[in-house]
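The structure under discussion appears below in the form of structure tokens.
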Amino acid sequence: MVTQTLTVSVNPVQESEYQQWLPYWKNYQAFYKINLSEDITQTTWQRFLDEQEPVYCAVAKEGDKILGFVHYLYHRSTWAKNNFCYLEDLYVSPEARGKHVGKQLIEYVKQQAKMQQCARLYWHTQEINITAQKLYDWIAEKPGVIEYRMSL
């Protein structure tokens, strides 16, 4: 089986792309069985557009059509002098999956993190997300970290 690679552009999201981004954001939430409020969605969107915020969104596009997005942020760490880059959300439309769009989005974030001289790029995924793990296992290392959470 030969995997087709789409030629896409990956660039920071533009304010005019909200209506294309929003259904993907909702599908992403549905996959993880969460339903974030409209207030959180609007706050997140405004952070992407605010140059003072260290939270970013890039979109993969074929022509004018968005195929997926990646959200990422920079933060300090006690484990390194330079910031870490955390890839928080990654979503590719079902029709574009298996065509390296996710890989291109991750590569974009990797380049941004390198330009910021980050010490590390990292992300999490759910154990059930087997499809994404195939991509992640191909391009990155799995350090064996288990995450614990407390609601506040």
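Any value given below was found using the heavy atoms of this structure, including those in side chains, with hydrogens, waters and symmetry copies removed. The shown structure was predicted, so the numbers you read here are calculated from the model rather than taken from an experiment.
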Should V10 and V59 be marked as a side-chain contact (heavy atoms from CB on, under 4.5 Å) after you check the CA-CA gap, both sets of side-chain angles, and the distance that decides it? CA-CA 5 Å; V10 179; V59 291; over 6 Å; no
Start with the C-alpha distance between F84 and R76, add both sets of side-chain angles, then the distance that settles side-chain contact (heavy atoms from CB on, under 4.5 Å), and finish with yes or no. CA-CA 6 Å; F84 281 6; R76 300 217 184 277; over 6 Å; no
Give the intermediate values and the outcome of side chain to side chain donor-acceptor pair (under 3.5 Å) for residues Q42 and E38. CA-CA 6 Å; Q42 288 302 315; E38 178 65 22; 2.9 Å; yes
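Nearest heavy-atom pair, K99 versus Q104, reported as atom, atom and distance to 0.1 Å: O-NE2, 4.2 Å. In plain terms, the two heavy atoms of L36 and Q29 that are nearest each other are N-OE1, 2.6 Å.
With sequence neighbours excluded, the residues satisfying side-chain contact (heavy atoms from CB on, under 4.5 Å) with S37 are D39, I40. In this view, Q20 and K65, I66 satisfy the side-chain contact (heavy atoms from CB on, under 4.5 Å) rule, not counting sequence neighbours. Applying the side-chain contact (heavy atoms from CB on, under 4.5 Å) criterion to D50, with sequence neighbours excluded, gives Q52, E53. With sequence neighbours left out, Y18 forms a ring-ring contact (aromatic ring centres under 6.0 Å, His included) with W21, W45. Under the rule for a side-chain contact (heavy atoms from CB on, under 4.5 Å), the partners of E88 that lie at least two apart in sequence or sit in another chain are L73, Y86.
Going from atom OG1 of T125 over to atom CG of L90 covers 8.5 Å, rounded to the nearest 0.5 Å. Between the NZ atom in K26 and the CG atom in N35 there is a gap of 8.0 Å [rounded to 0.5 Å].
Less than 6.0 angstrom separates the ring centroid of Y74 from the ring centroid of Y56. Centroid-to-centroid, the aromatic rings of H71 and W123 stay 6.0 Å apart or farther. Separation of the Y24 and F69 ring centroids does not fall under the 6.0 Å cut-off.
In this pair, Y28 and Y32 present their aromatic rings perpendicular. The plane angle is above 60°, beyond the 30 to 60° band.
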Validation: residues 105-122 side-chain donor-acceptor distances under 3.5 Å, sequence neighbours left out:
{"unit_1": "Y122", "atom_1": "OH", "unit_2": "H75", "atom_2": "NE2", "d": "2.7"}

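At least one side-chain heavy atom of V92 sits under 4.5 Å from a side-chain heavy atom of R97.
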